[in-house]
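Every chain is numbered from 1, with letters handed out A, B, ... down the list of sequences. In this text, all values refer to a predicted model and were calculated from it rather than measured experimentally.
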Number of protein chains: 2
Amino acid sequence: MKADETRRKIVIAADHLFYEQGFENASFADIAQAVEISRGNFYYHFKTKDAVLAAVIEYRLDERKTMLRLWELEEDNPANRIKNFINILIANQTKIMAFGCPVGTLCSELAKLDHALKPEASGLFTLFAEWLEQQFAELGCGDQASDLAMHLLMRSQGVASLANTFQDAEFVRREVEAMYKWLDQQCPPKRPM
Amino acid sequence: MKADETRRKIVIAADHLFYEQGFENASFADIAQAVEISRGNFYYHFKTKDAVLAAVIEYRLDERKTMLRLWELEEDNPANRIKNFINILIANQTKIMAFGCPVGTLCSELAKLDHALKPEASGLFTLFAEWLEQQFAELGCGDQASDLAMHLLMRSQGVASLANTFQDAEFVRREVEAMYKWLDQQCPPKRPM
DNA sequence: GACTGCCTAGGTCATTCGTCCTAATAAATT
DNA sequence: AATTTATTAGGACGAATGACCTAGGCAGTC
């Protein structure tokens, strides 16, 4: 069906626009123009803007899940998997410096709008938090796994936020290095009695 | 002059509304209603919405500067001054969980809007960064002072962001505790972050 | 009491937005 | 070929927004 393809194009274009301009600031017209379809056609695929947002969140969730699954296949050392996560800050540095973290800024915007889909957007964070917790657990961090996961998520959010504000690539590099070092210090060494 | 008072009321109301609803989402009508003045009267005091934003940023800067100066007067131990900064997360916990960090969310929104006043808003971060750097310098951290200041700012941003997303007071408490511990480890003895 | 400058009230205007409708076209099925 | 279904086009609508204007009220001063 052609509709599926058009729908997918819309979601991807909306994904970019919501990230770069924010959800509220990106209009139907903007998205339609990006996909090169008419506003009427747009309405055929999505009845409301919230429906687009819901589809974008689902798309982002799918993308992240795929990425995490790939890391699990490619790398069986949980510490290295966690390093993959930290490395997002480097891999996406340019976009993060320009627009911040896609997940964090969306959650923050939806919180201010008191939007009904805020919990769905938070699900993106939950996905990462639970995945990181799993990795820390495999590392042998036991009941600390959850706290460590939240701590690392917190740092990546903080770095993204300040990277966006200060446009300082050196700062990002430094903090990523510090996260690596912090990671190495977690869990083992297991001290002898 | 009555105008000064009305203007001040407008700025304070706009400050709150920009924080709780976001800059774009807060309309002239919203602010005018909060101050209980007519939209026409509003226009007498501020010609454009950007002018309101500029005034709000200046107001926030003044407030923070006053707060930092007070901390310097009340507390001559730089470590305790830094603890005051960390404690903002506890003192403003309710608001932060509801609306995020006033500085961070504003900067992030203005970045997405590609707004002309983004540098002015970033000035709020710079104020804290330079003040923290000064405190770390007085602590004897030498040329690390700047990096440590940015690191602490980063952590407070990350905590505010996740606090807003997850509404988890226990997480905030835990991370504040971790920041205290981290602070105690800085300068001397020099330890990795 | 009239004048002048500061302040306020309420309304208008053009624009943009999300939403929705209808008619036309393309594709699929019979 | 005929009919039905899927997809697209373009415009219309009301609501909301930022911006702007003008008329009037209220000081204080001469």
Atom pair distance, as rounded to whole Å: [atom1] in [X] and [atom2] in [N]:
X: A:Leu53; N: C:dG18; atom1: CG; atom2: P; result: 12 Å
X: A:Phe46; N: C:dC20; atom1: CZ; atom2: P; result: 15 Å
X: A:Lys49; N: C:dT16; atom1: NZ; atom2: P; result: 15 Å
X: A:Glu5; N: D:dA6; atom1: CD; atom2: P; result: 18 Å
X: B:Asp4; N: C:dT8; atom1: CG; atom2: C1'; result: 16 Å
X: B:Phe42; N: D:dC21; atom1: CZ; atom2: P; result: 17 Å

Donor-acceptor contacts under 3.5 Å from residues 82-107 of chain B side chains, at least two apart:
residue: B:Asn87; atom: OD1; partner: B:Tyr180; partner atom: OH; Å: 3.3
residue: B:Asn87; atom: ND2; partner: B:Tyr180; partner atom: OH; Å: 3.0
residue: B:Lys95; atom: NZ; partner: B:Glu20; partner atom: OE2; Å: 3.0
residue: B:Thr105; atom: OG1; partner: A:Lys112; partner atom: NZ; Å: 2.9
residue: B:Thr105; atom: OG1; partner: B:Cys101; partner atom: O; Å: 2.7

Any [X] side-chain N or O less than 4.0 Å from OP1/OP2 of [N]:
X: B:Asn41; N: C:dA9; value: yes
X: B:His45; N: C:dT8; value: yes
X: B:Thr6; N: C:dT8; value: yes
X: A:Tyr43; N: C:dT19; value: no

Among [options], which nucleotide sits nearest the side chain of [X]?
X: A:Ile37; options: D:dA9, C:dT8, C:dG18; answer: D:dA9
X: B:Tyr44; options: D:dA19, C:dC6, C:dT19; answer: C:dC6
X: A:Ser38; options: D:dG10, C:dT19, C:dA9; answer: D:dG10
X: B:Thr48; options: D:dA9, D:dA19, C:dA9; answer: D:dA19

What residues, two or more places apart in sequence or in another chain, satisfy ring pair (Phe, Tyr, Trp, His ring centres under 6.0 Å) together with [X]?
X: A:Phe18; answer: A:Phe23
X: B:Phe28; answer: B:Phe42
X: A:His16; answer: none

> Who are the salt bridge (Lys or Arg N to Asp or Glu O under 4.0 Å) partners of B:Lys9, not counting sequence neighbours?
Replying inline: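 If we apply the salt bridge (Lys or Arg N to Asp or Glu O under 4.0 Å) test to B:Lys9, skipping adjacent residues, the hits are B:Glu5.
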
> Under a 4.0 Å heavy-atom cut-off, which of residues 15-32 of chain B touch DNA chain C?
Replying inline: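 Heavy-atom contacts with DNA chain C come from no residue of residues 15-32 of chain B; none.
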
>> Within the 4.0 Å limit for protein heavy atoms, which parts of nucleotides 22-27 of chain D are touched? Write it as a string from 5' to 3', B for base, S for sugar-phosphate only, - for none.
In response: ------

> So does B:Arg39 reach the base of C:dT12 with its side chain, donor to acceptor, closer than 3.5 Å?
Replying inline: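 Donor-acceptor pair under 3.5 Å: yes.
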
> Do A:Lys49 and A:Phe46 meet the cation-pi criteria used here (NZ or CZ under 6.0 Å from the six-membered ring centre, within 45° of the axis)?
Replying inline: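 No, A:Lys49 does not lie over the aromatic ring of A:Phe46.
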
> So, A:Ser161 side chain and A:Gln157 main chain: donor-acceptor pair closer than 3.5 Å or not?
Replying inline: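 Pair absent, no side-chain N/O of A:Ser161 close to backbone of A:Gln157.
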
> Can you list every pair that meets side-chain hydrogen bond (donor to acceptor under 3.5 Å, both in side chains) and has a residue in residues 119-132 of chain B, with sequence neighbours left out?
Replying inline: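 Of all non-adjacent pairs touching residues 119-132 of chain B, those that pass side-chain hydrogen bond (donor to acceptor under 3.5 Å, both in side chains) are B:Glu72-B:Trp131.
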
Residues 34-41 of chain A side chain polar contacts: donor-acceptor under 3.5 Å, at least two apart:
residue: A:Ser38; atom: OG; partner: A:Asn41; partner atom: N; Å: 3.2
residue: A:Asn41; atom: OD1; partner: A:His45; partner atom: NE2; Å: 3.3

> Between A:Arg81 and A:Glu74, is there a salt bridge with N-O shorter than 4.0 Å?
Replying inline: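 Looking at A:Arg81 together with A:Glu74, the answer is no, because their closest N to O distance does not fall below 4.0 Å.
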
